[in-house]
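The structure appears below as structure tokens.
Each chain gets a letter, A, B and so on, in the order its sequence line appears, and its residues count up from 1. What you see below is based on every heavy atom in this structure, not just the backbone, and it leaves out hydrogens, waters and symmetry mates.
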There are 2 protein chains.
Amino acid sequence: MSQSVALQHEPQTHNRARLVAAATESFASRGFHATTTRDISTAAGMSQAALYVHYPSKEDVLYLICRTGLEELLGVMDQARDGIDDAGDRLARIARAFAVWHAQHTALAKVANYELSALTAEHWLVVRDCRHRIERCFRQAIEAGMQQGAFTVVDSHMTTFSIISMGTDIARWYRSDGSWTVDEVADHYAAMVLRLVTDPAGAS
Amino acid sequence: MSQSVALQHEPQTHNRARLVAAATESFASRGFHATTTRDISTAAGMSQAALYVHYPSKEDVLYLICRTGLEELLGVMDQARDGIDDAGDRLARIARAFAVWHAQHTALAKVANYELSALTAEHWLVVRDCRHRIERCFRQAIEAGMQQGAFTVVDSHMTTFSIISMGTDIARWYRSDGSWTVDEVADHYAAMVLRLVTDPAGAS
DNA sequence: GTCTATATCCCGATAGAC
DNA sequence: GTCTATCGGGATATAGAC
């Protein structure tokens, strides 16, 4: 019974997913305002008006992409952190997850980071909260390591900004057909993050 | 004589400068495609059509902003580098100049880094070359230090990307009325850059 | 060089048939 | 839910008076 209901809804969710996927790619490469609803719909194999059956506006599609993307990112960061006691291990694992996600979802990451000025005021508040939680995840890992004496940083906020900048920008320069694998990028990124929180003069 | 000629041209150059300044601010905060030529012209105190007396198109204004901005940045980086022998000092001075410029020209830096997809193909080639020269400046400073044995990095290209990401993103989070002065940001950034190229385990 | 007025085009969103 | 057709608005760029 529930199976037949699911089958009944499949075409709808399938088309919704195609619209979101097409919008993500176009927003990432051309930008939100340079993308037309015709671009999105035709890339998803539908007419222009079909978009409005599934979403009330183009901006709502952007909001959905940003919110679900950042919450997915927060999920992998939380999962990487949980249950790890050592401060260095914990920060390295969070950093690794952060880098992997940005290398694997370059279009989604670009939209969720560089198209936010097109959001409405209310939607921006929600997305900003997601971003603050990501910041907090990194900063708490750094400050925990400082209290344990494992890390030495001048300013945990500025260090957090720098770590996030390095990681999010992976989505702008990483190419899956390039010189590096996702793992190589993630390993190097995690190593650089650890250097940022370690005093070179005071190595143990 | 030449003075009177200069005076004769002053209103023209004055209005051109006002248009570019208004466009830079609007492109930075709202984005190129969300900015109308009316936004630019009226912010500069002129009618909408006046823009086309000075520039052939809105995209040409963007191109001018990006090209002159990046060449100015290259200028301060070259000036910071020249005549410094020690690899650590040289990289730190380049980094410092990079951070100062991004903290002092946040709107210009945002446009020159995040609005490039709106450029025409030909203009993009020129701007891309400026960006490659900036990359090369950092990378050469890093590789020189590696050859001297002062720096240890896994991959000079990826480290260069990370340093540039950290620095350009200053333009997105720095507030001149916030907690830090430009000098504090630049000092911390230069220190983080040096950590990125220094092996914590092998400190001298 | 600056203005007002306008040509030309295209976009987001809606209406209504099927 | 998807389509075709269209409305209403606003964009860039140009024309022509001053």
> Just to confirm, is there a sub-4.0 Å distance from OP1 or OP2 of dG1(C) to any side-chain nitrogen or oxygen of Asn15(B)?
Replying inline: no
>> With a 6.0 Å cut-off (strictly less than), is the heavy-atom count around CD of Gln79(A), excluding the residue itself, greater than 12?
In response: no
> Considering only heavy atoms from C-beta outward, does the side chain of Thr159(A) approach that of Phe138(A) to under 4.5 Å?
Replying inline: no
> Atom OH of Tyr55(B) to atom C1' of dG1(C): distance rounded to whole Å?
Replying inline: 14 Å
>> Evaluate Phe161(B) against His157(B) for ring-ring contact (aromatic ring centres under 6.0 Å, His included), listing each step before the verdict.
In response: CA-CA 6 Å; Phe161(B) 286 164; His157(B) 284 79; 7.1 Å; no
> Which dot-bracket notation, 5' to 3', represents the base pairing of DNA chain C when pairs are defined as Watson-Crick or G-U with both distances under 3.5 Å, crossing pairs as [ ], and inter-strand pairs as |?
Replying inline: ||||||||||||||||||
> How long is the span from the CD atom in Glu143(B) to the CD atom in Gln147(B), to the nearest 0.5 Å?
Replying inline: 7.0 Å
> Rounded to whole angstrom units, what separation is found between the CZ atom of Arg18(B) and the P atom of dT2(C)?
Replying inline: 11 Å
> According to the side chain to side chain donor-acceptor pair (under 3.5 Å) rule, which pairs have a member within residues 161-170 of chain A, sequence neighbours left out?
Replying inline: Tyr114(A)-Asp169(A), Ser165(A)-Asp169(B), Asp169(A)-Arg172(A), Asp169(A)-Ser165(B)
>> Generate the contact string for nucleotides 12-18 of chain C. Rules: B means base contact, S means sugar-phosphate contact only, - means no protein heavy atom under 4.0 Å.
In response: BBB----
> Atom CZ of Arg16(B) and atom C1' of dG1(C): how far apart are they, to the nearest Å?
Replying inline: 12 Å
> Nearest of dC3(C), dC3(D), dT2(D) to any side-chain atom of His54(A)?
Replying inline: dT2(D)
> Given the rule in the salt bridge (charged side-chain N to carboxylate O under 4.0 Å, His left out) test, do Asp187(B) and Arg96(B) qualify, once you have shown the distances and angles that lead to the verdict?
Replying inline: CA-CA 7 Å; Asp187(B) 285 342; Arg96(B) 238 195 151 278; 2.9 Å; yes
>> Angle between ring planes, Tyr189(B) versus Phe98(B), binned at 30° and 60°: parallel, tilted or perpendicular?
In response: parallel
> Rounded to the nearest 0.5 Å, how far apart are CG of Leu64(A) and OG1 of Thr24(A)?
Replying inline: 8.5 Å
> For Ile40(A) and dC11(C), what is the distance between atoms CD1 and P respectively, to the nearest whole Å?
Replying inline: 12 Å
